[in-house]
Amino acid sequence: MSKIRELEPKNVFSYFDDICSIPHGSGNTAAISDYLVKFAVDHSLRYRKETCGNVIIKKAATPGYEHADTVMLQGHMDMVTVKNEGCGLDLEHDHILPAITEDGEWIYARGTSLGGDDGIALAFCLAILDDNTLPHPALEAVFTVDEEIGLLGASALDASDLTSSILLNMDSEEDGCFLTSCAGGATVKCIFPVVRESRTGSVFEFEISGLTGGHSGGDAHLEQANANLLLGRFLAEISDAVDFGIVDICGGEVDNAIPVEAAVRLIIKEKDTAALEGAVSRFCSDIRREYATKEPDMTFSLTPLSGGAVMAVVKESAKPLIAALELLPAGIQRRMPDIPDMIQTSLNLGVIAMSENKVKLTYSVRSSSATEKAWLIKRMGDLTEILGGHAAVEGSYPAWEYIPGSRIQKIMSETYEKLSGKRPTLTGIHAGVECGILSVKLPGLDCISYGPQMSDIHTTRERLNIKSVKQTYELTLKVLEKLR
């Protein structure tokens, strides 16, 4: 038996171990959706499965709670799947390998992200639905797909048969910090056509790796280096010193994670090898100095590859692409006017992907201001068009605005303080939370987002604190008991 299943509370960790055994990256949630349906059938619970893969499971109130407000328990099925270089797992088909740290305090995954975001929410919900001894109001457990790539499941959700007045969203990762508002956002894809020609010469691959990375919203304030932006700067800076053609370019894995690696393959004339090496040396020296504190493990490599004739992007196509990487907005755009420690508007160039005839730059745009978000997206689209490309906006979602006098905020805060002896922090977040969409679909929905302690989500350093899982589960059960 897995050691994960022996942890307390066993019902929560048993379900979490089940979830880890099922591949469930964004866009690959069919199997986990089927698992949830089977759970509902096996436990004789009412359910429905939507075309997109969302699953809704309902459970009646226990005696004495028949007239209490219905409560929605909510989390998303998908996880951000990233892995270390050299990891042999195919995360489309292979499950992750959870393990416990030597000190016995944390769960992590060997060589990959863990998916505690948001697998632990699913485990909480299933453990509650499975336990017939718990007192609680009527429950609607809403499991959504593809939250990590634009809150797509929440956007597609049919809420017409839902009656919840209170939402417990379990998609936060700081113990004792309850979210009461969030930024809205969108995915923006800036697409540039490229034309290729046959070129003969020496081929080199330049790679940036070893960056810290992190969540493009929750970690934006740290202003870590972005591998894709550095790669764009590299191309812009060496273009005056070396005549090169772009053979291939790539970077990042998902739009809402700060990319830790990016690479480009270039073809040059053999006589320009020394010039390229000199330009690379100068660039690397500058970047290491600029990020000496924030990115101590950053590495650069210039590797010669097999030369000869290759198809490379012509200069007329490469120039606007490089200009876009250089000139399109990136990073923090504005901080909250009244709360400088919080970010109001930002964007992250998460993915660079090249095909035979185009290059796609995928950005995650976030803002607590709907008008500011719209203006930023317009600027991106206008500049992309000026440079000969076109922009597509997907997965736009609204901000979740703070509600003064929230009942669930009061109950959660009082219960947490009684259990822990500490006052919780109530705050907003510069990231998308499904509460924004769900509160639009169910007007008046009283929402709060919380969860156990996690660190470095969306990276291979992701950790889930075992003690905090137990405490957060106990908090959830006490709150449900108080919602009589």
Side-chain angles (χ1 to χ4, degrees), residues 26 48-58 69-78 118 121 125 138-172 178-188 217-218 255-256 336 342-346 364-378 393-409 412 426-451:
S26 299
R48 64 178 171 87
K49 179 180 177 181
E50 299 188 322
T51 303
C52 66
N54 292 337
V55 175
I56 297 89
I57 302 175
K58 298 186 179 185
D69 291 337
T70 302
V71 176
M72 183 186 298
L73 307 175
Q74 198 265 321
H76 60 86
M77 301 180 210
D78 62 317
D118 198 19
C125 294
L139 301 176
E140 296 176 330
V142 176
F143 305 101
T144 51
V145 299
D146 297 339
E147 185 267 357
E148 299 289 6
I149 52 175
L151 290 84
L152 304 184
S155 297
L157 178 72
D158 176 5
S160 60
D161 66 338
L162 301 181
T163 61
S164 293
S165 300
I166 293 171
L167 166 60
L168 302 182
N169 169 274
M170 306 170 194
D171 191 19
S172 297
F178 302 152
L179 300 185
T180 58
S181 63
C182 76
T187 298
V188 180
D255 67 284
N256 64 350
M336 289 281 195
M342 288 188 64
I343 299 169
Q344 178 156 297
T345 303
S346 77
S364 177
V365 175
R366 305 175 190 272
S367 182
S368 300
S369 164
T371 53
E372 208 162 277
K373 181 183 83 170
W375 173 238
L376 176 57
I377 292 173
K378 176 174 169 50
V393 182
E394 300 176 357
S396 183
Y397 56 91
W400 164 31
E401 297 186 5
Y402 175 77
I403 301 176
S406 158
R407 178 188 176 205
I408 192 58
Q409 289 177 28
M412 285 284 290
L426 275 64
T427 186
I429 188 174
H430 187 64
V433 180
E434 290 166 301
C435 299
I437 294 172
L438 296 173
S439 60
V440 170
K441 290 179 178 284
L442 292 168
L445 188 65
D446 193 2
C447 312
I448 198 161
S449 181
Y450 67 106

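For clarity, every value in this text was computed on a predicted model and none was experimentally measured. Hydrogens, waters and symmetry mates play no part in the numbers below; they use all other heavy atoms, side chains included.
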Spacing of CG belonging to Leu73 relative to CE belonging to Met170, to within rounding of 0.5 Å: 4.5 Å
With side-chain contact (heavy atoms from CB on, under 4.5 Å) as the test, would you mind laying out the steps for Trp375 and Thr345 before giving the verdict? CA-CA 11 Å; Trp375 173 238; Thr345 303; over 6 Å; no
Are Glu148 and Ser26 close enough, and set up right, to give a side-chain hydrogen bond (donor to acceptor under 3.5 Å, both in side chains), and what steps lead you there? CA-CA 7 Å; Glu148 299 289 6; Ser26 299; over 6 Å; no
I'd like to know if the side chain of Thr144 pairs up with that of Glu434 as donor and acceptor (distance under 3.5 Å, no hydrogens or angles considered). yes
Where Trp400 and Ile448 come nearest, the two heavy atoms and their spacing: CH2-CA, 4.0 Å
Any idea which heavy atoms bring Phe143 and Met77 closest together, and the distance? O-CE, 3.2 Å
Any side-chain heavy-atom pair from Leu167 and Cys435 closer than 4.5 angstrom? yes
Test side-chain contact (heavy atoms from CB on, under 4.5 Å) on Glu394 and Leu152 and set out the steps. CA-CA 9 Å; Glu394 300 176 357; Leu152 304 184; over 6 Å; no
Taking the side chain as every heavy atom from C-beta outward, state whether Leu445 and Ile166 have any atom pair closer than 4.5 Å. no
Would you check if Leu426 and Tyr402 make a side-chain contact, meaning some heavy-atom pair closer than 4.5 Å? no
Measure the shortest side-chain to side-chain distance between Leu162 and Lys58 over non-hydrogen atoms and say whether it is less than 4.5 angstrom. yes
Nearest 0.5 angstrom please: Glu147 CD to Asn169 CG, how far? 8.5 Å
Around Glu401, counting heavy atoms of other residues, nucleotides and ligands shown, do more than 12 lie under 6.0 Å from its CD? no
Closest heavy-atom contact between Gly75 and Asp118? CA-OD2, 3.2 Å
Find the distance between OG (Ser164) and CG (Leu438) and round it off to the nearest 0.5 Å. 9.5 Å
Atom pair CG/CG of Leu179 and Asp171 - distance to nearest 0.5 Å: 8.5 Å
Taking all non-hydrogen atoms of both residues into account, name the closest pair between Ala186 and Ser396 and its distance. CB-CA, 3.9 Å
From Leu151 CG over to Leu157 CG, what is the distance, rounded to the nearest 0.5 angstrom? 12.0 Å
For the CD1 atom of Ile408 and the OG atom of Ser165, what is their distance to the nearest 0.5 Å? 11.0 Å
Pair Ser406, Asp446 - check side-chain hydrogen bond (donor to acceptor under 3.5 Å, both in side chains), show working. CA-CA 7 Å; Ser406 158; Asp446 193 2; 2.6 Å; yes
Decide if atom NZ of Lys441 counts as having more than 12 heavy atoms of other residues, nucleotides or ligands within a radius under 6.0 Å. yes
In Leu168, Thr70, Val71, the residue satisfying side-chain contact (heavy atoms from CB on, under 4.5 Å) with Leu139 is Val71
Note: Gly217 and Ala431 closest approach over all heavy atoms is CA-CB, 4.4 Å
Got Asn54 and Val145 here, is their nearest side-chain heavy-atom distance under 4.5 Å? yes
Heavy-atom nearest pair, Leu376 first then Ser346, reads CD2-O, 4.2 Å
